[in-house]
Amino acid sequence: MIQLIRGFKDVLPGEAELWQHIEQTAAALFTDFGFKEIRIPIMERTELFARSIGEDTDIVEKEMYTFPDRKGDLITLRPEATAGICRSYIQHKLYAADPVKKFYTIGPMFRRERPQKGRYRQFYQLDAEVFGSDSPYVDAQLIYMLKILFHRLGVTDIMAHINSLGCPECRPDFKDALLAYITGKEADLCADCRRRKDKNPLRVLDCKVPGCREAMASAPSILDHLCENCHVHFKTVQTALDNLETPFTIDKRLVRGLDYYTRTTFEMQTGSLGAQSAVAGGGRYDGLVKALGGPQIPATGFAIGFDRLAEIVAQAGKTYATDPDLYVAALGEAALPLVFAWISKLSETGIRAEMDFEGRSLKSQMKRADRLRAGHVLIVGDDEIEKKTAILRNMTTKAQDAVPFEGILEILRTRLGEKE
Ligand code: HAM
């Protein structure tokens, strides 16, 4: 038997209804906040990701699914959505009439990480990006929108962790301070960090290897090195969050695993997921559009780990199954064509109706109706055809009564249409 690839997974019926519920809740909320859906390809030129996410990040160095296409061009299965959305924004000059644009997208991403609970090689993200404003209020609004989404989905064990990574003006000063701190501690660092530290000392701060974490425990904080503008920006994010009654904690170690960030970075973390505590991550990336060949347009955004969010929502135990409203037990040759037309017309108008095509006994059809968790069963046999009335049984209360064939579709729509 051929099995699926390690780190990949199927979303089976049952779970898929929960995914639909999350997608619909998010799409409705994001639309109310002015976001429009964008759909971008799953593959892009490798260079796009290398230039945006950064050559010496784990994602680009170790985790991308990259291969030459038949002509030898290097292409990559997207490890995230921000780079592709930026590419699209620039390519189609979506900034032309009005640079402020808000997009969201939902889809699969690919990273060849070590699989474990909450960490997959194909995972889904619900991604939102805002272009054209460098206002701290936009950052605060994104975090607020995330909080509202989680609350609507019944997830309350959630906390916003925020930090600022400064800008090209103050970051060099911080990098120097960091490098000075690291100098002399090289022996305690992992091989990756020793290699990356000169070019990109921030990566050392983000390293999860215990030895590196220990060595960096009293590293200087970026927050002590912010320039005045970045400092005011970060303070305004905090005041705006306070005004929106959105709790947050300042996490000066929150560097994030992608190189494009400037100023505000954030993660939504939960205690409900074990080791993989980040359900969403994001931040501002004011230099990326320009770095990719577009105009100087600031931007900010986030991505929710859909699989992780679905796991937390599932913990609440609510089912989103779409059980049939009606199971029609057709008994005998004459009933079949009649009943077949009924179930087709009922399904067309939103009453989920099923039947048995194999002519099984009443007992086995009732068993099947039970298995499918149908709300009602309609019994139509030779007797019922003779009397031109069917028997309708409520599977919860077990009450049953006769329903005339005349106008039966209308009667069923009225009686079954009011779903609780
Ligand atoms: P990220 O932190 O790399 O950011 O990913 C965002 C979220 O995706 C994570 O918080 C996590 O919930 C989920 N995630 C990441 N990797 C995996 C995995 N292997 N398995 C399951 N879930 C995973 C970004 O991707 C940025 N593009 C976010 C962003 C948008 N920043 C600005 N705009």
Side-chain angles (χ1 to χ4, degrees), residues 5-9 11 22 30 35 38 40 44 48-49 52-54 57-60 62-65 77-89 101-131 138-139 142-143 145-146 149-150 155 158-163 165 203 206 208 251 254-270 272-289 298-313:
I5 310 168
R6 188 166 131 81
F8 287 61
K9 68 170 191 190
V11 180
I22 298 175
F30 292 2
F35 287 77
I38 185 168
I40 50 163
E44 300 269 3
L48 173 69
F49 300 116
S52 344
I53 299 168
T57 55
D58 279 351
I59 298 178
V60 172
K62 304 179 196 165
E63 296 169 0
M64 296 204 305
Y65 285 93
L77 284 172
R78 62 181 186 191
E80 57 114 52
T82 312
I85 296 178
C86 277
R87 197 252 327 120
S88 181
Y89 180 76
K101 291 280 177 320
K102 303 183 193 180
F103 304 113
Y104 77 90
T105 199
I106 305 175
M109 311 293 154
F110 303 84
R111 295 184 195 174
R112 203 176 184 292
E113 294 189 79
R114 198 168 51 77
Q116 62 180 73
K117 188 173 153 48
R119 203 206 273 149
Y120 309 98
R121 290 180 169 177
Q122 175 177 327
F123 60 98
Y124 286 73
Q125 281 187 346
L126 231 169
D127 182 282
E129 312 288 353
V130 181
F131 291 89
V138 180
D139 300 334
L142 287 175
I143 296 168
M145 189 170 84
L146 275 169
L149 175 63
F150 290 131
V155 177
I158 199 90
M159 178 57 94
H161 290 236
I162 64 170
N163 192 19
L165 294 185
R203 292 270 68 87
D206 189 44
K208 305 286 179 284
D251 184 346
L254 190 73
V255 177
R256 314 254 314 118
L258 307 95
D259 274 353
Y260 48 61
Y261 291 114
T262 51
R263 293 191 163 169
T264 320
T265 52
F266 55 90
E267 272 181 14
M268 302 301 275
Q269 299 186 8
T270 173
S272 319
L273 276 179
Q276 305 305 318
S277 58
V279 202
R284 180 160 280 291
Y285 50 98
D286 290 342
L288 184 57
V289 174
T300 180
F302 65 72
I304 301 171
F306 202 103
D307 313 67
R308 294 183 189 176
L309 179 57
E311 257 165 59
I312 310 175
V313 177

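All values reported here derive from a predicted model rather than from experimental measurement. Numbers for residues simply follow the sequence, beginning at 1. Whatever order the structure lists them in is the order used to number ligands and atoms, beginning at 1.
- When only modelled atom types and interatomic distance are considered, Gln122 and Tyr124 share a side-chain donor-acceptor pair under 3.5 Å.
- If you look at ligand 1, the protein residues with a non-hydrogen atom under 4.0 Å away are Glu80, Thr82, Arg111, Glu113, Gly118, Arg119, Tyr120, Phe123, Gln125, Asp127, Glu129, Arg256, Leu258, Tyr260, Tyr261, Ala278, Val279, Ala280, Gly281, Gly282, Gly283, Tyr285, Gly301, Phe302, Ala303, Gly305, Arg308.
- Under the 3.5 Å distance criterion, with hydrogens and angles disregarded, a donor-acceptor pair is assigned to the side chains of Thr300 and Asp139.
- Judged as a side-chain contact (heavy atoms from CB on, under 4.5 Å), and not counting sequence neighbours, the contacts of Gln116 are Arg114, Arg119, Ala275, Gln276.
- Both tests hold for Lys9 against Tyr120: distance to the six-membered ring centre under 6.0 Å, angle to the ring axis within 45°.
- Every side-chain contact (heavy atoms from CB on, under 4.5 Å) that Glu80 has, sequence neighbours left out, goes to Ile53, Thr82, Ala83, Arg111, Gln125, Leu258, Tyr260.
- With sequence neighbours excluded, no residue forms a ring pair (Phe, Tyr, Trp, His ring centres under 6.0 Å) with Phe49.
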